[in-house]
2 protein chains.
Amino acid sequence: MTFQWTLKSFKNQRSDIVKEKGSQVVGCKIILMTGLGGRTQASSKSGGMSRIQEKNRNLILDAALGEFSKKGFSGATVERIAAEAGMSKSNLLYYFTSKEAIYNATLAHILEVWLAPLKTLDPQGDPAKELAGYIRQKIEMSAKFPEASRLFANEVMQGAPQILPILQTDLKRLVEEKAGVIDDWINAGKLRRIDPVHLIFTIWATTQHYADFSVQIRALTGRDLSDPEFLKQTEDSVTSLILNGVGLNWPLEDEEQG
Amino acid sequence: MTFQWTLKSFKNQRSDIVKEKGSQVVGCKIILMTGLGGRTQASSKSGGMSRIQEKNRNLILDAALGEFSKKGFSGATVERIAAEAGMSKSNLLYYFTSKEAIYNATLAHILEVWLAPLKTLDPQGDPAKELAGYIRQKIEMSAKFPEASRLFANEVMQGAPQILPILQTDLKRLVEEKAGVIDDWINAGKLRRIDPVHLIFTIWATTQHYADFSVQIRALTGRDLSDPEFLKQTEDSVTSLILNGVGLNWPLEDEEQG
DNA sequence: TTGCATCTTGACCATTTGGTCAAATATCTC
DNA sequence: GAGATATTTGACCAAATGGTCAAGATGCAA
């Protein structure tokens with residue numbers, strides 16, 4: 001249940017991540033296939049890619065994530081990405097046909113992992129535990145992958161030029177499904193009546209805020225999620241606020257149910 | 001208590017806005033003066049500016065807000081801003097010495113209004129009413145000035161290159177002051193013990209989310225804050241979630257206290 | 001109307017930057 | 001090790017873009 005992936009090992013690990021609690025794997029795969037053109041074949045297993053190709057593509061994607069998340073699409077330059085990846089611009093363009101192609105590949109690279117936590121929300125589970133777990137996962141994501149969060153935020157704020165179709169289809173389906181789960185909990189009297197979609201938005205907003213606005217948070221508090229203590233504090237505050245907000249007790253009284 | 005300003009009349013009205021509940025006017029002015037270079041003299045009253053200068057500067061600032069919020073600083077072009085403002089690029093550069101100068105002026109133009117709501121949080125008031133009012137104001141802002149929200153978000157996400165000093169000084173002071181107010185409420189037993197700074201962050205995050213991610217929200221729900229019904233729904237959901245989250249009753253039982 | 005200051009613009013420039021290409025250079029296969 | 005294939009790079013190009021400038025147009029005060 002701990003998050004140990006590093007960005008370097010993103011690619012190798014993410015299939016495992018998705019398989020955990022294997023329920024929505026299909027939807028997840030679909031997401032990757034839809035729209036974004038990068039890595040037509042050999043999308044997950046690096047099959048058909050030479051050792052050197054595999055290595056360089058990963059170097060590029062890592063560098064690109066840093067650059068795009070820091071500067072946005074327009075502000076990023078392929079030259080800098082190439083430098084960061086330790087190769088010439090020409091060479092980078094040997095692996096990706098254009099700046100936009102790098103960008104799309106980077107987005108695709110992330111999207112899957114980024115949306116994974118919501119999929120783990122279990123209709124059978126205890127609402128308080130499930131929601132608390134989801135919130136914790138999302139904050140953990142913001143802590144470990146703030147660049148991914150900012151890249152995603154940037155893309156959406158610019159009007160989601162690349163991923164709009166995915167939002168409208170796959171993500172929409174997923175949100176509707178999980179909103180249904182929450183609604184069932186509500187109808188079962190397990191939590192206060194509240195619009196589940198807004199609840200999901202609130203969880204997204206609060207958790208991602210700490211990554212996207214980390215500079216502001218550091219300016220105001222002197223700390224950010226990279227500080228373990230601040231991370232815990234944030235987890236507690238957000239979780240207690242939201243759980244109490246939906247009428248659930250928090251912290252959980254330790255497992256007293258027989 | 002309703003928000004009727006349009007962007008066109010931004011400049012003329014904001015002094016009034018700030019004066020309402022006049023407590024923090026000084027801090028507010030300071031904010032404008034700090035750092036951002038735009039409009040050295042004649043900052044509020046358009047004194048010393050010709051009729052034509054006043055008109056054109058406003059045209060430019062309006063156009064710039066649209067362009068910068070849509071494309072980010074790097075993605076924006078002075079040519080497009082000029083076109084949108086109905087003048088030639090050369091002419092625009094007669095009014096602002098550089099792209100960066102336009103950007104800073106636009107930020108300054110907004111910042112004051114953007115931070116105003118927090119200043120109205122009244123230590124003497126009823127906590128539930130005060131917090132609900134603050135949340136409502138923030139959502140209203142997101143509804144009326146989504147571009148301003150996105151501009152601000154963009155700036156902060158890029159590392160706040162222009163406004164970092166302001167965040168570290170003026171905004172920090174303001175947040176500390178208002179966190180103190182909330183803490184007093186907590187110590188008076190009026191609301192559940194929770195970190196007030198995280199509470200403020202949560203309110204910012206949730207309310208601004210609806211502006212910054214409006215494309216995603218439209219993709220998922222088919223609506224956004226420009227729809228009055230959705231606006232009301234959002235206000236209710238967010239307010240009830242947060243107020244219940246801090247242990248306050250919502251909706252307010254109508255004024256039963258003697 | 002005249003003369004001055006303000007305003008406006010097109011032509012122009014320098015830089016940045018995404019992308020191409022042909023010529024090396026390394027790697028792999030036999 | 002020869003030859004084919006894959007990788008790497010510097011030189012180069014065209015377009016986009018921020019900014020300058022001199023000259024012309026407009027507004028305004030007397």
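To find a chain, count down the sequence lines: A is the first, B the second, and so on, and within it residues start at 1.
- Using the six-membered ring where Trp is involved, A:H198 and B:F230 have ring planes that are tilted, between 30° and 60° apart.
- Between A:A219 and B:L164, the closest heavy-atom pair is CB-CD1, 4.1 Å.
- In this structure, the side chain of A:E155 engages the main chain of A:Q162 through a donor-acceptor pair within 3.5 Å.
- Between the CG atom of B:N56 and the C1' atom of C:dT9 there is a distance of 13 Å, given to the nearest Å.
- In this structure, the CG atom of B:L59 is 14 Å from the C1' atom of C:dC7, given to the nearest Å.
- When rounded to the nearest whole Å, the span between NZ of B:K55 and C1' of C:dT6 equals 13 Å.
- Heavy atoms only, all atoms of each residue included: A:V113 and A:M141 are closest at O-CE, 3.2 Å.
- Contacts of B:Y134 classified as ring-ring contact (aromatic ring centres under 6.0 Å, His included), with partners at least two apart in sequence or in another chain: none.
- Taking a 4.0 Å limit (strictly below) on heavy-atom distances, residues 80-91 of chain B reaches DNA chain D at B:K89, B:S90.
- Side chain of B:E67 to main chain of B:T77: a donor-acceptor pair is present (N/O by atom type, distance under 3.5 Å, no hydrogens or angles).
- Residues A:S69 and A:L151 approach most closely at CB-N, 4.1 Å, considering heavy atoms.
- Within the 3.5 Å criterion, the main-chain N or O of B:K70 finds no donor-acceptor partner in the side chain of B:R150.
- Put simply, CG on A:L93 is 9 Å from P on C:dG18, counting in whole angstrom units.
- One can place NZ of A:K71 at 13 Å from C1' of C:dT16, the figure rounded to the nearest angstrom.
- Using cut-offs of 30° and 60° on the angle between ring planes, the pair A:H209 and A:F213 is parallel.
- With sequence neighbours excluded, no residue forms a side-chain hydrogen bond (donor to acceptor under 3.5 Å, both in side chains) with A:S74.
- Between A:I102 atom CD1 and C:dT17 atom C1' the separation is 13 Å, expressed in whole Å.
- Side-chain N/O atoms of B:Y94 include one lying less than 4.0 angstrom from OP1 or OP2 on C:dC7.
- The CG atom of A:L92 sits 11 Å away from the C1' atom of C:dG18 (whole-angstrom rounding).
- Running 5' to 3' along DNA chain D, contacts with non-hydrogen atoms of chain A at under 4.0 Å begin and end at D:dA6 to D:dA11.
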Item to check | Base versus backbone protein contacts along nucleotides 22-30 of chain C [heavy-atom cut-off under 4.0 Å; B, S, -] | outcome: ------S--
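- Residues meeting the ring-ring contact (aromatic ring centres under 6.0 Å, His included) test with A:Y103, sequence neighbours left out: A:F68, A:F73.
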